[in-house]
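Data first, discussion second: the structure below is written as structure tokens.
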Amino acid sequence: MTDNTQRGPATGPISDPELPTQYTPAAVEGALYERWVERGYFEADAKSDKPPYAIVIPPPNVTGTLHLGHAFQHTLMDALTRRKRMQGFEALWLPGMDHAGIATQNKVEQQLAEEGKSRQDIGREAFVARTWRWKEEYGGRILGQMRRLGDGVDWSRERFTMDEGLSRAVQTIFKKLYDDELIYRAERIINWCPRCMTAISDIEVDYQDDEGELVSLRYGEGEDSVVVATTRVETMLGDTAVAVHPDDERYRHLVGKRIKLPLTDRTIPVVADTHVDPEFGTGAVKVTPAHDPNDFAIGRRHGLESLTIMDERAVITAPGPFEGLDRFEARAAIVEALREQGRVVAEKRPYVHSVGHCSRCKTTIEPRLSLQWWVKVEPLARAAGDAVRDGRVTIHPKEMEKRYFDWVDDMHDWCISRQLWWGHRIPVWYGPNGEQICVGPDDEPPAGEGWTQDSDVLDTWFSSALWPFSTLGWPEQTPDLAKFYPTDVLLTGHDIIFFWVARMMMFGLYAMDKEPFHTIALTGLVRDEHGKKMSKSNPNSVDPLTWMDAYGSDAVRFTLATGANPGADVPIGEDWVKASRNFANKIWNATRFALMNGATVEGPLPDASRLSAADRWILSRLGKVVTEVDAYYDDFEFAKLSDALYHFAWDEVFDWYVELTKSVFAKGGEAAQTSRRVLGEVLDVTLRLLHPVVPFVTDTLWTTLTGRESLVIAEWPTTVSVPGAGSGAFRDEAAEAEIGLVQKLVTEVRRFRSDQGLQPGQKVPAALALDGTALAPHEDAIRQLLRLLPPGEEFHATATLPVAGASVALDLSGVIDVAAERKRLTKDLGAAEKEKADTTRKLGNEAFLAKAPEPVVAKIRTRLATAEADIARITAQLDALPPA
RNA sequence: GGGCGUGUAGCUCAGCGGUAGAGCGCCGCCCUUACAAGGCGGAUGUCGGCGGUUCGAACCCGUCCACGCCCA
């Protein structure tokens, strides 16, 4: 095919046609990547006339390093953008990182701890400065690793959620939401991590079944006593009521009374609340409004006091003997104290129940009553849901839609304040007389005595939610924003559909009035070769860099792409990466063969009338693969497109077409000239098709083959067309059938040779009877493939193999292994007889003939005819065999 | 408890109404001048169980069993 890229000297390390016999990724990848970047191939031009195609990278955590999950998603995003770039789109893949509030702050606090200091010791300003230094020094290791993987991202547009522009975006949208009364401050029960010492949102809590204890306690005295059960005994110090169901006869006499709370000098009311489940436990529950979300709700309904009995480290603050104890120490001590008073009625231990843990540090969450900032999500979430319901945004795979709807249609308000120092500080100032002012990016903060800024920062996901437009310059109306928003595809793991995807949808629709992307492609998780989950904490975790070092980035990429069935988890193992490496090497050597035999891409393809059947066959197949791969790309079927290319390249081009050209090249002349051009074409197009997935080896080979600048900026193949074969995509079913016969005959004789114990290289005299069959023009190729010698004077056929009207007679110069041959033929006969029986049965079924569609019946008839012919042929062969 | 999904060759997975497939692994022969990171040939499955629909079921329906994920 032609191309608009400029001709230039071949620049790869293999410009010498004498390529080494093995592909060495390490020798080309690093330099090749830097060349791509230096030449600006990945830099998008907002002023271009080309249609835009944009993907923003799910920003990795600034503290992170590349793991297989990144490698997987990046491979897919890279493939998508590389193809679109080749298709003539102004393709932008925008990179960057998020500031990872808690994780980054933890890193710096650890550093400080090693110096015996805390962040409080050095103060907020110094701490933030130090965190920036940490980021410059240690952060972003993943960016270098992305280069190793070959990510074709636009580094000139790299962004960081804490950089100036994105911080301005955060402040802008905060102010807008605040003014629209979609952000508010309220005292609620939040998920508190006593180790990180911050609030976290609902979805940052991981629930797991833990072994705890269930203790039943008797509150009150005599007639006025009631038994309640709890897994968190220590919270009883903060109880301000006992609740029962209003219809529960057992406790009716107690409702409205006050009973004594043990270990304290307080009495607490018994309240009736319909939310209490009379079937669960004793039907009476203790109520601790300041330390449990359900209890908080009961407290609000009954006007109960909320009594906070722990500090932010989860140390008991309630005055008395337990003050100063950690929550778990206090739990044991309080059980002991109650037991001494005879108030422990029952204990179940271990008691397995679901407990929330901080997703960052695994510490048990302590529900805590505190004053936090919230986003009122209802209108935002509804819009986010509608965008998908209305079809403006498509989720792949579709099964994930339900999960998305379940979430956005029943979303709780989002707690966005974090008690951290590293992050976007909440732009709200409090005045000396209770004033509260939200400061926009262009506003001056209030000056004067007594004004202070809110000390909290925003959830990191708050800034990540702006990513598809903040990275393009919003709130400024930049050319980038005009050109590339909305972006096209958002590709990420299904595990962050709530954390990130839904929130981008909400903020994108709110701030831009336009959904941030039209397609959400969700991937599964990377697993090991036995399907076990891979994570940093598991020993099965593999650093993709070690595999890239050993086998090349292309091998890792191809393996991941081959495993990428939509939405499904991807298992990966070293053996599979090796197999991909072998594939890259195979491509290398096939191209090497082509170059050694003068394959060329120069000039138009020869006229169809000059092409051999093999030429027409492979071009026809090539055209089909082009179509197939394109369709798979549009459906995010990376596994299928990789598989299709693997099999086309290896099974058809390398195993058959290349082998068929050998006899042509040996003979020389015009036919050889033609095949050189066809082979060049087939490799040219195949390398283009493979390039988005395995960019390094393909670009290295393609520049050598074509002498052109780079495959990165080459055109994506659309169709294969051949001069003189009519307009449009070239197809030649006749040639495909003809080569199919060649393959059948060759395979048949190979089986015979193998069964007869002939060594693969051993040459055998043979007489071919091909006249009058489609095989006639292929005698040279058949002799070459089967290593057949022309029959000499002494030729005496010892075995004759009939195939498709033709036959091959071989002179094995001696006795053939009759037993082996009989065994082979008997096996074939068995298969043919089974086929005959199966098809005869079907055709004897009148219901089948009456109801099955005609093409199906015809097909079965053909199968029967074939089976009968096979039986006749094989029987004749068996009969011709000398007796055993 | 609710929802989604998965059980197909030794392993990892495609196929989702008309002859059971791939990769890796396995067995045999071969260093045949592109490639041993290779070539050629071969073996391997009551398609989780049971029932139903259909001319026909790995595929559709019901049910049971096992496993995974999400939510509560």
Side-chain angles (χ1 to χ4, degrees), chain A residues 19-24 202-203 207 354 397 399-407 410 494-495 497-498 524-525 527-533 551-552 555 559 562-563 565 567-597 637 639-640 642-644 646-647 650-651 654-655 658-659 661-662 666 746-747 749-763 784-787 824 827 831 834-835 838-839 841-853 855-857 859-860 862-864 866-867:
Chain A
L19 303 186
T21 61
Q22 284 192 346
Y23 172 54
T24 315
D202 292 348
I203 53 178
Y207 288 89
S354 182
E399 304 85 77
M400 287 289 171
E401 271 187 3
K402 189 166 166 31
R403 203 177 278 191
Y404 176 82
F405 289 137
D406 285 351
W407 169 254
D410 185 30
H494 64 64
D495 53 330
I497 186 167
F498 311 138
L525 275 31
R527 295 175 176 272
D528 71 10
E529 66 269 37
H530 296 296
K532 293 241 161 53
K533 200 167 174 174
Y551 307 114
T559 308
T562 306
N565 288 118
D569 289 345
V570 188
I572 186 168
E574 186 161 5
D575 284 349
W576 305 344
V577 181
K578 273 187 202 171
S580 298
R581 182 271 312 262
N582 294 354
F583 179 51
N585 193 53
K586 186 76 183 176
I587 302 168
W588 175 273
N589 275 294
T591 307
R592 187 163 159 260
F593 168 85
L595 290 169
M596 288 166 68
N597 285 283
E637 293 276 10
K640 290 196 175 72
S642 306
D643 201 52
Y646 180 94
H647 286 290
W650 203 318
D651 299 351
F654 304 156
D655 283 350
V658 162
E659 293 303 323
T661 60
K662 284 181 179 174
V746 169
T747 304
V749 179
R750 278 175 177 164
R751 283 183 63 209
F752 172 79
R753 290 185 53 127
S754 178
D755 288 344
Q756 287 297 314
L758 292 179
Q759 297 199 336
Q762 188 175 333
K763 300 210 158 112
Q784 158 91 18
L785 290 169
L786 290 169
R787 305 189 183 277
R824 182 173 72 92
K827 185 186 150 200
K834 180 176 182 299
E835 177 75 350
D838 288 350
T839 48
R841 182 161 15 85
K842 283 206 171 195
L843 293 169
N845 182 342
E846 282 184 31
F848 171 73
L849 294 175
K851 295 190 178 176
V856 173
V857 178
K859 200 170 162 188
I860 301 289
T862 309
R863 279 172 52 194
L864 173 59
T866 307

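If you're wondering where the values come from, they're calculated on a predicted model, not measured in any experiment. Order of the sequence lines sets the chain letters (A, B, ...), proteins ahead of strands, with each chain counted from 1.
Contact of the A:E835 side chain with the A:L864 side chain is not registered, since no non-hydrogen atoms from C-beta on lie closer than 4.5 Å. Within the 4.5 Å cutoff, the side chain of A:Q756 has no heavy atoms near those of the A:R824 side chain. Side-chain contact between A:W588 and A:T21 is absent, with no heavy atoms from C-beta onward closer than 4.5 Å. When side chains are defined from C-beta on, A:D569 counts as touching A:H494, because their heavy atoms get closer than 4.5 Å.
Within 4.0 Å (heavy atoms only), A:D410 reaches no atom of the nucleic acid at all. Using a 4.0 Å heavy-atom distance criterion, A:Y23 is classed as a base contact. Among the heavy atoms of the strands, none lies under 4.0 Å from A:P855. If you check every strand for non-hydrogen atoms under 4.0 Å, A:R863 touches a base. Among the atoms of the strands shown, none is found under 4.0 Å from any heavy atom of A:N597. Within 4.0 Å of A:E637, counting heavy atoms only, lies no atom of the nucleic acid at all. At the heavy-atom level, A:R751 lies under 4.0 Å from the strands shown only through sugar-phosphate atoms. Base contact: A:E835 has a heavy atom under 4.0 Å from a base atom. Heavy atoms of A:S354 sit nowhere under 4.0 angstrom from any nucleic acid atom. Within the nucleic acid shown, A:K578 has no heavy atom closer than 4.0 Å to any nucleic acid atom.
Comparing B:rA14, B:rA34, B:rG39 by their nearest atom to the side chain of A:A568 picks out B:rA14. Among the nucleotides B:rU54, B:rG42, B:rG3, the one closest to the side chain of A:K851 is B:rU54. Here the side chain of A:F654 is nearest to one of B:rC55, B:rA34, B:rC69, namely B:rA34. In this structure, of B:rU12, B:rA14, B:rC40, it is B:rC40 that holds the atom nearest to the side chain of A:D655. Distance from the side chain of A:E659 is smallest to B:rC35 among B:rA14, B:rC40, B:rC35.
A distance of about 15 Å separates the C1' atoms of B:rG5 and B:rC13, rounded to the whole Å. Spacing between B:rC24 and B:rC59 at atom C1', rounded to whole Å, works out to 26 Å. The same atom, P, is picked in B:rU8 and in B:rC50; the two are 15 Å apart, to the nearest Å. Taking atom C1' on both B:rG52 and B:rA43, the two are 36 Å apart, rounded to the nearest angstrom. Spacing between B:rG15 and B:rU32 at atom C1', rounded to whole Å, works out to 37 Å. Comparing B:rG62 with B:rC69, their C1' atoms are spaced 25 Å from each other, to the whole Å. Going from the P atom of B:rG18 to that of B:rU12 covers 27 Å, rounded to whole Å. For the P atom pair drawn from B:rC64 and B:rG28, the interatomic distance equals 48 Å after rounding to whole Å.
A pairwise comparison of heavy atoms in A:W576 and A:P571 identifies CZ3-O, 3.0 Å as the closest pair. The two residues A:R753 and A:Q759 make their nearest non-hydrogen contact at NH2-O, 3.0 Å. Between A:L843 and A:L849, the shortest heavy-atom distance links the atoms O-CD1, 3.2 Å. Across A:N565 and A:A639, no two heavy atoms sit closer than the pair ND2-CB, 3.4 Å.
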Strictly under 4.0 angstrom, non-hydrogen atoms only: write out the protein contact profile of nucleotides 24-33 of chain B, one letter per nucleotide from the 5' end, B, S or -.
S----BS-B-
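Side chain A:Q22 to base B:rA36: no donor-acceptor pair is found below 3.5 Å.
Residues A:D838 and A:R841 are paired through a salt bridge, judged by an N-O separation under 4.0 Å between the basic side chain and the carboxylate.
Two rings, from A:F654 and A:W650, have their centers 6.0 Å or more apart.
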Taking Watson-Crick (N1-N3 plus N6-O4 or O6-N4) and G-U wobble (N1-O2, O6-N3), each under 3.5 Å, can you produce the dot-bracket string of RNA chain B? Use [ ] for crossing pairs and | for inter-strand ones.
((((((((.[[[[.)..(..]]]].(((((.......))))).....[[[[[..)....]]]]]))))))).
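For A:K586, a side-chain nitrogen or oxygen approaches OP1 or OP2 of B:rG39 to under 4.0 Å. Between A:R753 and B:rC40 there is no side-chain polar atom (N or O) within less than 4.0 angstrom of OP1 or OP2. For A:K640 and B:rG15, the shortest distance from a side-chain N or O to OP1 or OP2 is below 4.0 Å.
Each of A:K834 and A:H494 was matched to the nucleotide of RNA chain B holding its nearest heavy atom; the match closer to the 5' end belongs to A:K834. Checking A:D643 against A:Y207, the closest nucleotide of RNA chain B that is more toward the 5' end is the one next to A:D643.
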Assess the residue pair A:L525 and A:V570 against the criterion (side chain to side chain contact (heavy atoms under 4.5 Å, CB included)); give the C-alpha distance rounded to whole Å, side-chain angles, the decisive distance to 0.1 Å, and a yes or no.
CA-CA 6 Å; A:L525 275 31; A:V570 188; over 6 Å; no
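Rounded to whole angstrom, the span from the CZ atom of A:F498 across to the P atom of B:rC4 amounts to 14 Å. Between A:E574 atom CD and B:rU12 atom C1' the separation is 16 Å, expressed in whole Å. When the P atom of B:rG39 is taken as reference, atom CZ of A:F583 falls 12 Å away, rounded to whole Å. For the pair A:E846 CD and B:rC55 C1', the interatomic distance rounds to 11 Å; values are reported in whole Å.
Both the sub-6.0 Å distance and the 45° axial angle are satisfied by A:K662 relative to the ring of A:F593.
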